[in-house]
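Structure, as structure tokens:
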Protein chains: 2
Amino acid sequence: MIGHATAPSRGEVTRESILAAAMEVFARDGFRAASTRAIARAANANQALIGYHFGNKQRLYLTVFEHIADRVETLLGPTLARIESELAPPVDGDPANARLLLDLVSGFAAMLLSDETSTWARLILNEQQRPSEAFDVLYQRVIGRVARLLTQLVARLRGRTDVTEEDRLIAITIIGQVLVFRVAHAAVLRQFGWNDIGPRQVGAIIERLQANIAAILAIDIEQLAS
Amino acid sequence: MIGHATAPSRGEVTRESILAAAMEVFARDGFRAASTRAIARAANANQALIGYHFGNKQRLYLTVFEHIADRVETLLGPTLARIESELAPPVDGDPANARLLLDLVSGFAAMLLSDETSTWARLILNEQQRPSEAFDVLYQRVIGRVARLLTQLVARLRGRTDVTEEDRLIAITIIGQVLVFRVAHAAVLRQFGWNDIGPRQVGAIIERLQANIAAILAIDIEQLAS
DNA sequence: GTCTATAGTCGGATAGAC
DNA sequence: GTCTATCCGACTATAGAC
């Protein structure tokens, strides 16, 4: 149900508003603490309609994560596909692979730091701590794919196609440098005296990420300016 | 109630076992989803005794965090105090400050990744997403102090005493490289094929962190071997 | 201090009218 | 598709016996 040729029916409107409300309430309260009554109230819908449209609370929760995976694939899919197809042979500090890596990290950071993803971030963080069926959906469709691609790029930039534990460690620490701005969001704002993470902040963060990555992987960043 | 000259009374034993069980169950399930019945069962105690010893569930939760803050200060306090007192003047890549920085990060990582603190880490991460009264205490007593110290060390290693936004960005990205192993726990285990983050893994992580930090701050790591 | 028992509340699910 | 009403289990807190 991606696009509609005709106007959405009444039932579809209800379904979508319950789904949107569920995303907010699950993110705010966690699965267990979120009540179907609170979700229905936030959606301006009747509590019994959750059962009608989604079966039960658990399936509503899963549907929220499928929805997120759809959206992330829309946002990041083209970039991932392009990078996957342009992977260059393993050569130390190869500018082609270096550029792909910096593109990937920049795209990931821009997505992760956007307003739209702040709700998702809390949902995903909850799942990381206590993985359920929902985490499998997300890992297989998004997280694993990004991690695999990033790790491969790191390995090739270090001169090999086979991936070592060291490559994985480098890839994870790179992801950490992005994630921390979401995970420690409030602390970051306090620390920097920022009101929010807006375009200027995202720019400064991405610039710093690129400098860090270049240093860690001994990439000549001057050479990349084309 | 840190030490006892005499054997603990029966009531104290009950109190402590409820507290220990509460820490586990709150970490596993979160505040709301953790039931006093489950806590009592895990503590081999009667559910009504929670009311007797702690008043109510909320106060039991707060007591858990006070206990953690005490313990973290015991573990990390001496290291922090030593580093604070040994801060060297600002000189680019000064080996003295470099060693302090690597000590700080290693100590922080070792604590954050140890078995003992895995339960605490989950409690704190839960709080970070939906901060309550419990988080402020922890932030002011531990997290803020570590962040401030780390930022000062970064600034001095880059040749100044005043802290710039760039210094803060570097400090945050360093913290992110440690945090990610707890925050993205489920994804990390899958990506590496690890069953848990044990001593071997912690050693490899810390080694990689030090290499990354040395690269980012242009520290000559050979020069540090004393 | 510890126990049993229960009052009072809330939440998920669903039957059945419209 | 949407609504009201309700069943029933689970929860916190507490009264009161020992």
Side-chain angles (χ1 to χ4, degrees), chain A residues 1 4-67 123 126-127 130 132-134, chain B residues 1 4 6-65 123 126 130 132-134:
Chain A
M1 307 284 171
H4 289 283
T6 63
S9 69
R10 185 166 171 222
E12 280 163 346
V13 169
T14 301
R15 203 192 123 92
E16 293 308 310
S17 65
I18 289 174
L19 194 58
M23 189 182 292
E24 294 294 332
V25 177
F26 281 136
R28 194 188 63 210
D29 297 339
F31 175 75
R32 172 76 182 278
S35 72
T36 56
R37 285 173 160 83
I39 291 168
R41 206 181 313 122
N44 265 323
N46 189 285
Q47 186 254 343
L49 288 175
I50 289 174
Y52 178 78
H53 285 289
F54 299 94
N56 57 34
K57 184 180 169 180
Q58 172 66 28
R59 292 233 297 277
L60 171 58
Y61 184 71
L62 277 178
T63 307
V64 165
F65 278 82
E66 277 157 14
H67 190 258
L123 285 163
N126 280 338
E127 279 296 313
R130 283 173 290 283
S132 75
E133 198 181 335
Chain B
M1 303 291 169
H4 290 282
T6 63
S9 69
R10 186 170 170 217
E12 281 162 346
V13 169
T14 301
R15 202 192 122 93
E16 295 308 311
S17 65
I18 289 174
L19 195 58
M23 190 180 292
E24 294 295 331
V25 178
F26 280 137
R28 194 189 62 209
D29 298 339
F31 175 75
R32 174 76 180 279
S35 72
T36 56
R37 283 172 158 84
I39 292 168
R41 206 181 313 122
N44 264 325
N46 189 285
Q47 185 255 343
L49 289 174
I50 289 173
Y52 177 79
H53 285 289
F54 299 94
N56 57 34
K57 185 179 166 182
Q58 173 66 29
R59 292 232 297 276
L60 171 58
Y61 185 70
L62 279 177
T63 307
V64 166
F65 276 82
L123 284 164
N126 283 341
R130 281 172 290 283
S132 76
E133 195 181 337

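Chain letters run A, B, ... following the sequence lines, proteins first, then strands; residues in each count from 1.
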Among residues at least two apart in sequence or on other chains, which ones pass side-chain contact (heavy atoms from CB on, under 4.5 Å) with [X]?
| X | value |
| --- | --- |
| A/A33 | A/D29, B/R32 |
| A/T63 | A/R15, A/L19, A/F54 |
| A/E133 | A/Q58, A/L62 |
| B/S35 | B/R37, B/A38 |

Under the side chain to side chain donor-acceptor pair (under 3.5 Å) test, which residues partner B/S132, sequence neighbours left out?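 Expected list: B/E127.
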
Who pairs with B/T14 by side chain to side chain donor-acceptor pair (under 3.5 Å), at least two apart in sequence or on another chain?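 Partners of B/T14 under the side chain to side chain donor-acceptor pair (under 3.5 Å) test: none.
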
B/I39 CD1 to D/dA10 C1': how many Å, rounded?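 Taking atom C1' of D/dA10 as the reference, CD1 of B/I39 is at 15 Å.
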
Rounded to whole Å, please give me the gap between CZ in B/F26 and P in D/dC11.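 Roughly 13 Å, once rounded to whole Å.
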
Can you give the dot-bracket line for DNA chain C, using ( ) for pairs inside the strand, [ ] for pairs that cross earlier ones, | for pairs with another strand and . for unpaired bases, where Watson-Crick and G-U count if both distances are under 3.5 Å? ||||||||||||||||||

Can you name the residues that form a ring pair (Phe, Tyr, Trp, His ring centres under 6.0 Å) with A/F65, not counting sequence neighbours?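 Residues passing ring pair (Phe, Tyr, Trp, His ring centres under 6.0 Å) with A/F65: A/Y61.
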
Heavy-atom protein contacts under 4.0 Å, nucleotides 11-18 of chain C, coded B base, S sugar-phosphate only, - none: BBBB----

Donor-acceptor pair, distance only, cut-off 3.5 Å: does the side chain of B/K57 make one with the backbone of B/I50?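 No; zero donor-acceptor contacts below 3.5 Å.
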
Under 4.0 Å, heavy atoms only, any strand: does A/S9 hit a base, just the sugar-phosphate, or nothing?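 The residue A/S9 makes no contact with any strand.
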
